[in-house]
2 protein chains.
Amino acid sequence: MPKFRITFHPSERSISVDGEENLLQAAMEAGIHINASCGGSATCGKCKIKLLEGTVVSSKHPKLSQWEYDQGYRLACLTSIRSDVEVEIPVESQVDKSVLKLKGDREAHKYLLSPQDIYQLVPGWEVDPAVFKRYVELDPPSLKDNGSDLSRLINGLAHQHGIEGVSADFRVIMKLSHILRQSDWKVTATLVLTKKGYKLVHVEPGDNTRRNYSIVIDIGTTTIFGQLLDLNGCVVVACPGGQCDGSTLFALAEASDYNGQISYGEDVITRIVYSERPGGLKKMQEVVISTINKIIQELLEMSHIEGSLISHLVIAGNTTMTQLFLGLDPKYVREEPYVPTANFIPPVRAIHLGINIGDHVHIYTFPMVASYIGGDIVAGILGSGVFQRETLTLYMDIGTNGEIVLGNRDWLASVSCSAGPAFEGAGIKFGMRATRGAIEEVSINDRTYEPMLLTIGRSKPIGICGSGLIDTVAELLETGMIDQNGKFRGDLSTDRVRKGPDGYEYVLARKEETLFREDIVLTEIDIQNLIRTKASMYAGCKVLLDSVGLSFREVEQVIIAGGFGRHLDLEKAIFIGLLPELDIEKFIFVGNGSLLGARLLSFSKNLLKETERIALMMTNLELSNHPTFMNEFIAAMFLPHTDSSAFPQVMKRLHRTRKEYGAERMLEGQL
Amino acid sequence: MPKFRITFHPSERSISVDGEENLLQAAMEAGIHINASCGGSATCGKCKIKLLEGTVVSSKHPKLSQWEYDQGYRLACLTSIRSDVEVEIPVESQVDKSVLKLKGDREAHKYLLSPQDIYQLVPGWEVDPAVFKRYVELDPPSLKDNGSDLSRLINGLAHQHGIEGVSADFRVIMKLSHILRQSDWKVTATLVLTKKGYKLVHVEPGDNTRRNYSIVIDIGTTTIFGQLLDLNGCVVVACPGGQCDGSTLFALAEASDYNGQISYGEDVITRIVYSERPGGLKKMQEVVISTINKIIQELLEMSHIEGSLISHLVIAGNTTMTQLFLGLDPKYVREEPYVPTANFIPPVRAIHLGINIGDHVHIYTFPMVASYIGGDIVAGILGSGVFQRETLTLYMDIGTNGEIVLGNRDWLASVSCSAGPAFEGAGIKFGMRATRGAIEEVSINDRTYEPMLLTIGRSKPIGICGSGLIDTVAELLETGMIDQNGKFRGDLSTDRVRKGPDGYEYVLARKEETLFREDIVLTEIDIQNLIRTKASMYAGCKVLLDSVGLSFREVEQVIIAGGFGRHLDLEKAIFIGLLPELDIEKFIFVGNGSLLGARLLSFSKNLLKETERIALMMTNLELSNHPTFMNEFIAAMFLPHTDSSAFPQVMKRLHRTRKEYGAERMLEGQL
């Protein structure tokens, strides 16, 4: 095949390809990002590019309007090149990093949660990290006392600090003789508590005990978050009476970035599919490690900490993300019966995975429970304190996937719901992640049916994110524009509801208001997708409760985790039946529970042990062959639910508003 | 500096050098071997080369005769190049591998010691290796049972073989999912028992339990020996009644080669000195690993075993050899107060050191006790069974260095003697290793003073090795040609004794009988060097015994180890006072005790534990500042010893022979 050149604008990067490859593949391989939530299978319609110059062959696609086609827009995944070409990646096909940037710009010494919040969630622990430094002053050897350098150091640790049974990493031994003598036998040892006792991983000259840091990383399918922590905890502010009240436990820096893998598809399945290509697994690993390296670099720069002072790296992620990070083929995670390679990962030397950090740093990987209950959930159960509670708690992580854990300090059960990441924008015509230009809040006037929109960054709207979606559907329902099946009334006196190519749709923003001169609409199909997702979450909770003979009434606390959770309007989420109708006081939002857990684990060896206990204790319920799940799912495919007794307040409100709008007949027709 | 070319004959290899380098250095760096026991410091006079063509600058040296100088012989270490040159490396400056070759040619299925011998030395153990294979058949996963692949395997090992608490090597995890499915859930797991429990290091498809091999390597300063062992022990011959009587425990192959480091000096000190040059440590490591790789290759070829079936690599060597092998700087081993880097080395993955073997193979390094009591001695104590004996045993390893261990199953004490490796030929004018052309047996006619010589390979003599040296001195003493101080009588009626450049000397072979047309002589200086060496060994034994309040009389067994031990004439060694005068029945020769121990350890996890116990139990006595060692050493600088009561039989014989030769007056004058 002949070779052609593609030049991408606005980056001006250009690559050489043969005519066999489609444009999306070629861009992926060159590391140039074009949004494509379906991973290139021509279903999501997100990978729009605009042809500026040159010849291509590209089929039409229903996701592309005639206007767009006429303007030169094509789907990259359907486009093959027939000459040198110049293409533009329009803003809606690019990754918008501005939202992440805003976080990065915050001042370095930043409380993530207030210390009070931390103590409220997980009380009763103290700063005593599993990776710690101890200073020893050794007697130099003499002819009467000329044991090996290593035994001298190990004896010093035993006598001066009471640390027994230390084994040494071979890399420590390699440098030991010189360091001991250079430092006049005064050194700082870095030790790690492992399941098999203490391991000596690093020796530095002089007293360096006050400089001991860890980095914790949450590998999300979409976003990777990192924090740099001071493992000595209280170093800046003296605590009253020498007692640590936790108020000075902070992250010295935090940074985040999109997981570089999003160029290869937005959900775990597309990543797994990509990893099954020749070289695909290696590529997926390289890409995520490259993102992590960038974050580590940024954390070090922000905190002005030398990389050599980082002693520990803690990683939490869902099972697929963890396997791809470690280079473990996730093929069987995806295939029934959904088997991960390993739930407990031994310590891995970070440099062996290509991470730019000291060669003594080992990775603690949060243990996993099942293919769809990963280390991020175990970390969340740790970080939110569920493992300590006596009260019956429901933990819901609502993100690209939905994971639910039920239990308390004595038992834990989990399910995962794979109804599609509608909240992240996938399967929604104008769906997008919660980035600049996303409609995040919506209210609809109950007389005029005109919407009021708020977008992220207050810019012109580009699409709609998860919280905007929930708002819109809740408002459409409350104003009676849709029925409890999510179907539009055909008799409304507004041109906001109209018939589109996919059936009825609601015009959220008219083209003259939007960035891309195109109406932003929510279609009945979008609403069906949202209903499927919320039904799946609700049914998951229900089956989990049923499986242990409990009901929603007995749930004493609901913890909502996930990036999504931060933007969620609780009342509206209950109104559409995504969340159960419980006393609002019972809900807590913890944001990124995974990162919180990773952070706590870094600070406390007891919590590290608790983490293993959590993973071992948690029983996963597989929904795919569960006898009642499908019934529960179908029962929940209604707004808020076919069982109106489970949502008495919502039903009361619906009846009231419907009466007001004279929609009662319609409502009752549905029941 | 200008670049010149050196062509070496007979190999015809040529290298390019600048005029700065001396010829020996240049050859070393190019990996071309020229004997140089002093490592290139112009003291040993062994690095003779013959200039065939070209211009060099090369000073004269007392070790080079005028005849040699006129013939074009030069010392390589004193030679710098001024033009392209052609040089010959004469046979005496080459490594003679023919002696090693003879061993390599023996048939593959070779008993090293007869099983009876093994059982006599170390009774009461059974074949139960620390690295072992177990076959498991697992139930495939289902939706009701979809735990991780690793937990399925670990549970299988627990349920089917009762092996609990297994942790997995990360490299196993990397390949696990595919292997389990390819093999239809029927796999063979390789497990290693470590101090911290069982570790899963390898998984193979199908039942491979019968194919489990280890390689054991003894890294000597001069020679490296290797054996390939079948860890199942009894696979070829069915044992009567299913009971293993040990008779089928064998090495499938054995191979040996000179340690490639001998090009850089013959003793440990010259190696340490070389390793302190820039890049020297790395070079020393590469060179020894290259020799080991050659031996492994040869073992695999001889035994027709695939490399992937080797599960374990066991290494024993003295402390310096071990440190160089591991890349640990041995600088402080050499410098007072003689401190090794570490006595216990954690398992190291063999491929990380550059060893060509499966990536799952970890190295078990025999633990060390002190800078001059290494893993080879610990292995010898294991292999010779000293650690099990109730009887008081003296273990002497006589090689490049001399190491002595005293004790029994309850206690062990050691010393090392660094009086110079006279037995290996160093410090002896015509000294050489026990290779082809070395005079190994000598008897001298007591009337004519004419010698009868036997050389290795029965070829023309080139020099004299350790056993020839002991024979000669014992014969010179017995015939009254030298006195107990090792000084020649001046009044003998033979031209075999004459005055040479270094004082009196005995002509062992006249130039017309030798390979190099030069008289082979033993000088008074040579005899003094031998006396120093033997005095050091004897004094070491004496101080060791004294330190625990015991005497030679109480020693119930003497075990002689070391390559040297195989050729030693026991009576003559006692006659000159190298060995104590004890009942001949008390002596055992075990040959390479280190290899024997390494082999036993491979076969038995209990013996592996015993090994750790031996190393921890052994107390090393440092002779260099010992209050009585110097006195004991001086007292032993006499043939056989100044304390004649310690050698009553020798003295009786000396008196008798001296009377016969009328030498009594002389003898008594010395006492």
Side-chain angles (χ1 to χ4, degrees), chain A residues 140-154 165 167-170 172-178 180-181 194-197 199 319 323 326-333 336-349 352-353 368-371 620 622-626, chain B residues 140-154 165 167-170 172-178 180-181 194-197 199 319 323 326-333 336-349 352-353 368-371 620 622-626:
Chain A
S142 65
L143 281 171
K144 290 201 181 304
D145 169 23
N146 63 357
S148 75
D149 288 338
L150 181 60
S151 61
R152 185 170 306 274
L153 176 57
I154 286 177
S167 69
D169 190 280
F170 184 63
V172 167
I173 296 175
M174 289 188 74
K175 304 170 194 164
L176 187 62
S177 294
H178 289 280
L180 288 176
R181 286 166 182 82
T194 71
K195 264 181 237 170
K196 302 179 168 184
K199 189 157 186 180
T319 304
Q323 293 216 175
L326 295 166
L328 303 176
D329 187 349
K331 183 173 160 67
Y332 307 104
V333 165
E336 200 182 299
Y338 318 116
V339 179
T341 300
N343 287 333
F344 289 83
I345 304 293
V348 179
R349 198 180 296 277
H352 285 172
L353 298 184
M368 292 154 276
V369 174
S371 277
N620 187 52
E622 206 56 71
L623 291 187
S624 62
N625 72 335
H626 195 275
Chain B
S142 64
L143 279 172
K144 289 202 183 301
D145 169 23
N146 64 356
S148 75
D149 288 339
L150 181 61
S151 61
R152 184 170 307 274
L153 177 56
I154 286 177
S167 69
D169 190 279
F170 184 63
V172 168
I173 296 175
M174 289 186 74
K175 304 168 193 165
L176 187 61
S177 294
H178 289 281
L180 287 175
R181 286 167 182 83
T194 71
K195 264 178 241 173
K196 301 179 168 182
K199 189 158 184 178
T319 304
Q323 294 216 173
L326 294 167
L328 303 177
D329 187 347
K331 183 173 160 69
Y332 307 104
V333 165
E336 201 183 296
Y338 318 117
V339 179
T341 300
N343 287 333
F344 289 84
I345 304 292
V348 179
R349 197 181 295 278
H352 284 173
L353 298 184
M368 293 154 276
V369 173
S371 278
N620 186 53
E622 204 56 70
L623 290 187
S624 60
N625 73 336
H626 196 275

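Heavy-atom basis, side chains included; hydrogens, waters and symmetry copies ignored. Throughout, a chain's letter reflects where its sequence line sits, starting with A, and its residues are numbered from 1. Small disclaimer: the values here were computed from a predicted structure and weren't measured.
- A donor-acceptor contact closer than 3.5 angstrom links the side chains of Lys196(B) and Ser167(A).
- Both the backbone and the side chain of Ile173(B) come within contact range of chain A, judged by heavy atoms closer than 4.5 Å.
- Proximity to chain A (any heavy atom under 4.5 Å) is shown, for Val339(B), by both the backbone and the side chain.
- At a 4.5 Å heavy-atom cutoff, the contact between Arg181(B) and chain A is made by side-chain atoms alone.
- The shortest side-chain heavy-atom distance between Leu180(B) and Tyr332(A) does not fall under the 4.5 Å cut-off.
- Asn146(A) and Pro337(B) make their closest contact through ND2-O, 2.9 Å (heavy atoms, listed as atom of the first residue, atom of the second, distance).
- Interface remark: Ala370(A) contributes no atoms to any contact with chain B (heavy atom separation under 4.5 Å).
- A donor-acceptor contact closer than 3.5 angstrom is absent between the side chains of Lys331(B) and Ser177(A).
- Counting heavy atoms from C-beta outward, Phe344(B) and Ile154(A) have side chains that stay 4.5 Å or more apart.
- Comparing Pro340(A), Gly197(A), Pro347(A) by how many heavy-atom pairs each has under 4.5 Å with chain B, the most go to Pro340(A).
- Both the backbone and the side chain of Leu326(A) come within contact range of chain B, each with at least one heavy atom under 4.5 Å from a heavy atom of that chain.
- Residue His626(B): no heavy atom, backbone or side chain, is found under 4.5 Å from chain A.
- Contact of Leu176(B) with chain A is made through the side chain alone, with heavy-atom distances under 4.5 Å.
- Of the listed residues (Leu150(B), Leu143(B), Val333(B)), the one with the most heavy-atom contacts under 4.5 Å to chain A is Leu143(B).
- Ranked by heavy-atom pairs under 4.5 Å with chain A, the list Thr341(B), Asn625(B), Leu328(B), Ile345(B) is led by Thr341(B).
- Heavy-atom distances place no part of Leu153(B) under 4.5 Å from chain A, backbone and side chain included.
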